[in-house]
Amino acid sequence: MEYARGIFDKLPKRNVVTWTALMTGYVQNSQPELAIQVFQELLESGTYPTNYTLGAILNACSSLFSIELGKQIHGYIIKYQIESDTSMGNALCSLYSKCGSFEFAVKAFRRIPEKNVISWTTVLSACGDNGQAETGLRFFAEMLSEDAKPNEFTLTSVLSLCCIIHALGFGEQVHSFSIKLGFESNLSIRNSIMYLYLRSGRVDEARRLFDAMETITLVTWNAMIAGYSQMVGCAKDDLIAHHSGIEALNIFLKLKRSSMKPDLFTFSSILTVCSGLVALDQGEQIHAQTIKSGFLSDVVVGSALVNMYNKCGSIEKATKAFVEMPTRTLISWTSMITGYAQHGRSLQALQLFEDMRLAGVRPNKITFVGVLSACSHAGMVDEALSYFEMMKKKYKIKPVMDHFACLIDMFVRLGKLQEAFDFVKKMDFEPNECIWSILIAGCRSHGNMELAFYAAERLLELKPKDGETYALLLSMYLSAGKWKDVSNVRKLMRDDRLGKLRDWSSVSIKNKVYSFKPDDKSHSQSADMYKLLEDLVEKAQSLGYVSQKSLEMTDEEDKGETFSSTVHHSEKLGVAFGLLNMCRGASIRVIKSISMCRDCHSLIKYISLLTGREIIIRDSKRLHQFNDGHCTCGDFGSLL
DNA sequence: CGCTCATAAT
């Protein structure tokens with residue numbers, strides 16, 4: 001571009017084409033500010049812009065998210081009377097969409113007298129970018145009814161809309177339609193179809209398409225990895241989620257063995273997979289690869305890395321990665337603030353929040369979930385309430401259930417049960433399962449069973465759908481000896497055909513993942529593991545550990561009201577395996593499918609003290625980080 | 001010229 005500018009400056013005469021060429025060059029080289037500068041010079045020189053010139057400047061506005069300047073350009077377009085030009089309309093529609101003004105984008109589209117296929121594609125992707133997938137599908141139907149012929153861009157765009165709302169049926173119709181139009185072997189469309197199947201949970205079909213593709217692009221690999229990575233977060237079953245993560249890692253390894261090189265999309269997805277699997281070893285290896293390939297400087301990859309270290313319980317490494325980021329976005333800050341909050345480092349979380357505001361980054365509601373949970377963890381009532389006010393008044397953010405959950409959790413931790421219940425009454429919407437569960441767990445911890453029973457009844461009125469909620473209720477009624485309620489809850493669980501809660505844990509060491517079931521004896525080292533546990537329990541008892549008979553939550557059968565016959569829940573076996581197989585001093589990371597029970601939580605605190613090891617367990621609710629006999633969860637939350 | 005598929009935080 002320097003050369004181009006040099007030549008431009010030496011030109012004795014310039015016309016609008018010269019100016020436009022320079023501007024287009026700046027836009028293409030991601031220097032939109034300079035393009036805008038050139039545009040100002042052009043206007044000052046008295047030259048009339050053409051629709052090409054204005055198209056280039058609208059692009060610059062898009063990449064700067066500058067809707068003000070965009071509207072100004074829109075003014076010129078009207079002034080020069082080229083508003084009815086199709087390209088201008090397309091560019092305006094695209095600009096408004098990228099700047100988040102969906103209504104303006106649609107208006108710009110509607111004003112195009114002669115819509116071409118690009119106009120339709122632009123408005124479809126505008127719908128996708130602005131969370132209006134259903135509207136997008138209606139636009140597509142309208143397009144077909146007007147006999148406009150979609151091209152490959154249009155079809156991939158429609159398929160991505162189907163992805164967002166999991167409209168598999170619609171997507172399949174689009175697929176057969178695209179075959180009719182002769183796009184059967186089109187790579188982009190095949191990638192989109194494959195991704196749609198993955199996102200809709202049809203893994204086998206997706207896999208079949210993937211295996212049948214004779215040419216594969218990096219987008220294909222990335223779509224596959226991203227598809228599995230997303231399943232880690234939304235699969236119904238934890239075991240499926242876990243397998244999806246492992247599968248994503250396998251595909252990543254295959255990609256590495258192929259001749260293609262991973263890019264920023266690959267790295268951000270695969271780092272997220274490591275977060276989900278609490279796979280620190282793999283995560284660190286990938287960290288090294290992002291450095292070598294130069295993609296670490298990308299802000300999305302950097303944020304994914306920070307998040308990975310946070311989720312793996314390595315707060316120091318997360319901090320280092322965060323500090324070393326060349327640029328940070330709202331998401332980077334939020335991720336780090338939440339990381340500190342989850343690790344019980346409330347003051348650091350709040351300090352970082354202030355740094356973020358000083359840096360001029362505007363927090364959103366997720367940031368405030370992190371801030372409020374930091375306050376809650378440290379019992380900082382005044383601060384929490386003042387941040388809550390700040391959120392509503394200064395940032396005009398409407399509180400959502402998660403914010404109330406943090407505040408209620410805070411009162412509950414402090415034993416201020418009445419305040420907690422008062423707060424629930426003050427909320428302007430109905431409390432959900434999560435709120436009642438927090439209250440129940442809190443009331444139990446503070447021995448106020450009357451309030452606990454009250455909350456339990458409210459919870460049951462909501463007809464919860466997940467097994468863990470019922471397990472919490474069952475555990476409470478059982479230990480209180482309320483047999484009538486016990487059989488009622490059991491009946492509800494049967495009626496709703498809630499599957500058994502499957503307790504399993506996994507530990508990942510180097511490149512392998514090992515899983516454990518309760519009382520698992522199938523491992524080659526089982527004997528050593530049980531011996532070690534027995535030994536640790538004995539030593540813990542001498543330090544004051546009292547084994548609490550835990551209830552067998554995974555067992556639905558009415559064998560009277562049995563207390564646990566299980567000796568070892570899965571995470572104990574995972575910890576024992578880690579102790580036996582990981583090098584001295586290395587932290588042990590376990591991932592557990594359901595909430596930890598009180599007994600295991602208590603024992604593992606002792607184990608961390610006895611062995612001097614850091615033990616990190618991520619259960620279905622939160623991250624527990626055990627060090628020297630303490631856990632970062634503050635012994636609170638819904639332990640079964 | 002303008003349009004597509006794949007990425008990060010609760």
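Throughout, protein chains are lettered first and strands after them, A, B, ... in sequence-line order, and every chain is numbered starting at 1. As the structure is a computational prediction, the values presented were derived from the model and not from experiment.
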Heavy atoms under 4.0 Å, any strand shown: does [X] hit a base, just sugar-phosphate, or nothing?
{"X": "A/Lys311", "answer": "sugar-phosphate"}
{"X": "A/Asn364", "answer": "base"}
{"X": "A/Asn191", "answer": "base"}
{"X": "A/Ala91", "answer": "nothing"}
{"X": "A/Thr329", "answer": "base"}
{"X": "A/Ser160", "answer": "sugar-phosphate"}

### Query
Is a donor-acceptor contact shorter than 3.5 angstrom present between the side chain of A/Thr156 and the base of B/dC5?
no

### Task
Quickly work out the A/Ile164 CD1 to B/dT7 P distance and round it to whole Å.
11 Å

### Query
Taking atom P of B/dT7 as reference, at what distance in whole Å does atom CG of A/Leu305 sit?
18 Å

### Message
Suppose we call two aromatic rings close when their centres sit under 6.0 Å apart. Are A/Phe353 and A/Phe368 close by that rule?
### Response
yes

### Query
Is A/Arg207 salt-bridged to A/Glu247, cutoff N-O under 4.0 Å?
yes

### Query
Which class fits the ring pair A/Phe295 and A/Phe267: parallel under 30°, tilted 30 to 60°, perpendicular over 60°?
tilted

